[in-house]
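The structure under discussion appears below in the form of structure tokens.
Just so it is clear, the structure is predicted and the values come from calculations on it, not from any experiment.
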Amino acid sequence: GGSSVAAAPSSSPPPAMSSSNSLMDDMLLLDTDDPIQSVAAPPAQPAGLLAPMQVTTAQVGAMWSSLPSERKVQMQTSVGSCQELMMRLQNSLNVAPVEIIGMEAIAAGRVLPGNEPCFLH
């Protein structure tokens, strides 16, 4: 079986790049004659994309088909159980557990900054 993700599109367009963008302001320009081989910088903290969404399995089922997109993926992981998968989803994606049924895990989040649902199954 594969995993599915269904999500509502973000209601706001992605920010436009401009010459005064903070990313551009933070870039380090190096002279090509400079002997520096590499530059270390602290990793950027990603902006939160999801927030937990408390819903029931029945609510997920009722809303799933009304979402405008669905993406199915299969991937190899080191996850040994649905409980471990749910813990990783909660910790890394900031979603709420809905239910674990046998070998199926269902989690729900809302797309920030709004409330559009995103379901993981």
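Counting only heavy atoms from C-beta outward, the side chains of Arg71 and Val73 approach each other to under 4.5 Å. A 4.5 Å side-chain heavy-atom check between Leu50 and Val111 finds at least one atom pair inside the cut-off. Counting heavy atoms from C-beta on, the side chains of Met53 and Val95 never come closer than 4.5 Å. Contact annotation: the side chain of Met63 approaches that of Val55 to within less than 4.5 Å [non-hydrogen atoms, C-beta and beyond]. Within the 4.5 Å cutoff, no side-chain heavy atoms of Ile106 are placed close to those of Ile100.
Ala51 approaches Leu112 most closely through the heavy-atom pair CB-CD2, 3.7 Å. Considering all non-hydrogen atoms of both residues, Cys82 and Gly102 come closest at SG-O, 3.9 Å.
With sequence neighbours excluded, the residues satisfying side chain to side chain donor-acceptor pair (under 3.5 Å) with Glu104 are His121.
Contacts classified as salt bridge (Lys or Arg N to Asp or Glu O under 4.0 Å) and involving residues 85-102 (residues at least two apart or in different chains) are given here: Glu84-Arg88.
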- Message: Could you walk me through whether Leu93 and Leu120 satisfy the side-chain contact (heavy atoms from CB on, under 4.5 Å) test, starting with their C-alpha distance in whole Å, then the side-chain angles of each, then the deciding distance to 0.1 Å, before giving a yes or no?
- Response: CA-CA 10 Å; Leu93 296 179; Leu120 305 164; 3.9 Å; yes
- Task: Could you walk me through whether Phe119 and Leu67 pass the side-chain contact (heavy atoms from CB on, under 4.5 Å) test, one step at a time?
- Result: CA-CA 10 Å; Phe119 302 130; Leu67 295 178; 3.7 Å; yes
